[in-house]
2 protein chains.
Amino acid sequence: MDLFWRHGYEGTSIADLTAAMGFTPPTLYAAFGSKEDLYREVIQFFLLRSERRRMEAALEQPSAYAVLRFYLYAAAENFTDPQTPAGCMVATAALQCATENQPIVQEVARIRQQMLLAFVERLDVAKTSGELPATIDSLALAHFYTAIVQGMSVQAIDGASTNDLLAVADLALSAWPGTKDEG
Amino acid sequence: MDLFWRHGYEGTSIADLTAAMGFTPPTLYAAFGSKEDLYREVIQFFLLRSERRRMEAALEQPSAYAVLRFYLYAAAENFTDPQTPAGCMVATAALQCATENQPIVQEVARIRQQMLLAFVERLDVAKTSGELPATIDSLALAHFYTAIVQGMSVQAIDGASTNDLLAVADLALSAWPGTKDEG
DNA sequence: ATAATTATCTATCGATCACTAGAAAAATTT
DNA sequence: AAATTTTTCTAGTGATCGATAGATAATTAT
C-alpha cells in the first residue's frame with residue numbers, strides 16, 4: 001500500500017513490491033493474481049482502513065456543517081500524517097495512465113464518484129432538515145467540497161503542512177450556505 | 001503535448017510519441033535529447049500557450065476578486081474544452097511517479113508553487129489597496145484558490161462538465177473575504 | 001514417520017522500456 | 001551538377017516490464 005500510495009500504479013513495479021514484501025514474484029502472483037488485482041485489493045484495504053472510516057466518523061456529527069468540518073479537518077491531518085505517504089490514496093490517484101491501464105483509471109474514478117455521492121446524500125438530508133435552503137444544489141455543493149479534498153491532497157503531495165490544509169478547510173467551510181448550528 | 005497531457009509522463013512511451021508525430025525514435029532524440037527533456041519542453045510550451053496566458057489575462061482585471069473570477073471561470077472552460085484533454089496539464093500532473101522520475105515530480109511541483117505565488121502576490125496587492133482586510137493571510141487564501149483549481153482539474157478528468165466546474169468556481173468565490181467591487 | 005499438499009524458490013519467458021550505432025535518404029552548399 | 005551537410009531510417013542495444021514453468025522447501029494430513 002505504501003508503494004502504490006507513494007509512487008502510483010504505474011510507478012510501482014513488481015520488483016519494487018516483492019522487494020518491499022520480502023518474497024519473490026511467484027509468491028505475489030499466487031497470493032494476489034496480478035498487479036492489477038493487487039492494486040484493487042490495496043485500494044479496498046485503504047478505503048476500509050482510512051477513507052471509509054473517516055467518512056463514517058464524520059457522519060456521526062450532529063449537523064451537515066459539522067460533518068463537513070470533521071471530514072475536512074481529519075483530511076488535513078491524515079493527508080499530512082508523516083507515518084503515511086502524503087495526500088490521499090484515491091483522491092488524486094491514477095489521473096493519467098497508459099491506455100492499457102484505463103481499467104484502473106476508471107476504477108479509481110468510480111470510487112471518487114462514490115465519495116461525491118456520499119456528500120450529496122448528506123446534503124440532501126440537510127435540505128430536508130432545514131440546515132440547507134431547499135434552493136441549494138446539493139450536487140454542486142458536493143462538487144465544491146470534493147474539489148477541496150482533492151486540492152488538499154495535491155497540496156499535501158507538494159509538501160503543504162497540516163496547518164496549510166486546515167486553513168484551506170476553514171476557508172471552504174466559510175462558503176457553507178446553510179446553518180452552522182451544531183445540533 | 002496531447003499524449004503527455006492525457007496519459008502523463010510515465011503513461012506515455014517513446015513509441016507512442018513517435019507514432020503520433022510520424023517519425024522514428026532517432027529523429028525524436030536528435031530534436032529533443034531525451035524523453036525527460038521533451039517533457040520539460042512540452043510543459044513550458046503548455047505554460048506559454050495556456051496557463052500563463054490565462055493568468056496574464058486574469059491579472060488585467062481591475063480587482064483581485066475579478067482576477068479570481070476570471071481565472072476560475074476560464075479554468076472551468078479550459079479544463080472541459082473538448083479540443084484538449086480534460087483537466088490542467090500541470091495542476092494535477094506527475095503526482096505519483098517511480099523513484100527514477102522524481103526530477104519530473106519536483107519540476108512540476110515547482111511550477112505549481114509558482115502558480116501559488118502568483119496568487120499570493122496579487123492578494124498582497126489587494127491588501128495594500130484595501131480590497132482585502134490587512135488581517136487576511138494571503139498565503140492561506142492562495143492555498144485555498146489553488147486547491148480549488150487543482151480539485152477542478154481532478155473533476156474535469158473524472159468527466160465533470162463546464163457547468164459543474166463553474167458552480168465550484170462560484171462557491172469558491174463566495175468564500176472571498178474582501179470587497180467584490182469591480183473597480 | 002510418511003504422504004500429500006501448499007508455499008516459495010530459481011530461472012526465465014516474450015514484450016516493451018528508453019535509447020542509439022551506422023546506413024540511407026534528403027536537403028543544402030559549393 | 002557534385003560535394004557536403006543534415007536528417008531520417010533500419011535495426012538493434014541492454015535493461016526492465018509483468019508474469020510463469022518447473023524445482024525445491026516448508027507445512028499439513030494421514
Side-chain angles (χ1 to χ4, degrees), chain A residues 1-47 85 89-90 92-111, chain B residues 1-47 85 89-90 92-111:
Chain A
M1 180 169 73
D2 188 279
L3 284 171
F4 277 132
W5 193 340
R6 207 177 294 276
H7 300 296
Y9 180 73
E10 292 180 335
T12 307
S13 70
I14 299 294
D16 294 333
L17 294 164
T18 54
M21 296 196 266
F23 46 68
T24 55
T27 303
L28 185 148
Y29 281 89
F32 302 107
S34 71
K35 184 186 179 185
E36 185 174 329
D37 288 342
L38 171 56
Y39 185 76
R40 293 186 131 93
E41 206 160 320
V42 165
I43 289 287
Q44 289 306 317
F45 179 78
F46 168 83
L47 289 174
M89 197 180 178
V90 299
T92 49
L95 293 171
Q96 289 127 355
C97 280
T99 308
E100 63 264 27
N101 297 322
Q102 288 309 305
I104 290 291
V105 172
Q106 290 171 11
E107 165 82 357
V108 179
R110 191 181 59 79
I111 294 169
Chain B
M1 181 170 72
D2 187 280
L3 285 172
F4 277 131
W5 195 338
R6 207 178 292 276
H7 301 295
Y9 179 73
E10 292 181 335
T12 306
S13 70
I14 300 293
D16 294 334
L17 293 164
T18 54
M21 295 197 266
F23 45 69
T24 54
T27 304
L28 184 148
Y29 281 88
F32 302 107
S34 70
K35 184 186 177 184
E36 185 173 329
D37 288 342
L38 171 57
Y39 185 75
R40 294 185 131 94
E41 205 159 321
V42 164
I43 288 288
Q44 289 305 319
F45 180 79
F46 169 83
L47 289 173
M89 196 179 177
V90 299
T92 50
L95 293 171
Q96 290 127 356
C97 280
T99 308
E100 63 263 27
N101 296 322
Q102 289 307 306
I104 291 291
V105 171
Q106 290 171 11
E107 165 82 358
V108 179
R110 192 182 57 80
I111 293 169

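Predicted, not measured: the structure shown is a model, and the values here were computed from it.
- Checked by atom type and distance alone, the side chain of Glu10(B) never pairs as donor or acceptor with a backbone atom of Cys97(A) at under 3.5 Å.
- Listed by first and then second residue, the side chain to side chain donor-acceptor pair (under 3.5 Å) pairs that reach into residues 18-27 of chain A come to none, sequence neighbours excluded.
- For Gln96(A), there are no side chain to side chain donor-acceptor pair (under 3.5 Å) partners at least two apart in sequence or on another chain.
- For DNA chain C, the residues of residues 16-29 of chain B within the heavy-atom distance limit of 4.0 Å (strictly under) are Pro25(B), Pro26(B), Tyr29(B), sorted by number.
- Each end of the helix from dA1(C)-dT30(D) to dT30(C)-dA1(D) gets its own axis, taken as the rotation carrying the C1' atoms of four end pairs onto the next four within a five-pair window, and the two axes meet at 10° to the nearest 10 degrees.
- Between Phe32(A) atom CZ and dT20(D) atom P the separation is 16 Å, expressed in whole Å.
- Taking all atoms of both residues into account, the shortest heavy-atom contact from Leu28(A) to Leu38(A) is CD1-CD2, 4.0 Å.
- Note that the first and last nucleotides of DNA chain C, 5' to 3', having any atom under 4.0 angstrom from a heavy atom of chain A are dT8(C) to dT10(C).
- Along DNA chain D, the nucleotide closest to Ala30(B) and the one closest to Glu100(B) are compared, and the more 5′ of them pairs with Ala30(B).
- Rounded to an integer number of Å, the gap from Lys35(A) NZ to dT20(D) C1' is 17 Å.
- Checked against side chain to side chain donor-acceptor pair (under 3.5 Å), Thr99(B) has no partners two or more places apart in sequence or in another chain.
- Applying the ring-ring contact (aromatic ring centres under 6.0 Å, His included) rule to pairs touching residues 14-39 of chain B yields Phe4(B)-Tyr39(B), Tyr9(B)-Tyr39(B), sequence neighbours excluded.
- The distance from the NE2 atom of His7(B) to the CG atom of Asp2(B) is 7.5 Å, given to the nearest 0.5 Å.
- The list of salt bridge (charged side-chain N to carboxylate O under 4.0 Å, His left out) pairs with a residue in residues 15-40 of chain A, not counting sequence neighbours, reads Glu36(A)-Arg40(A), Arg40(A)-Glu107(A).
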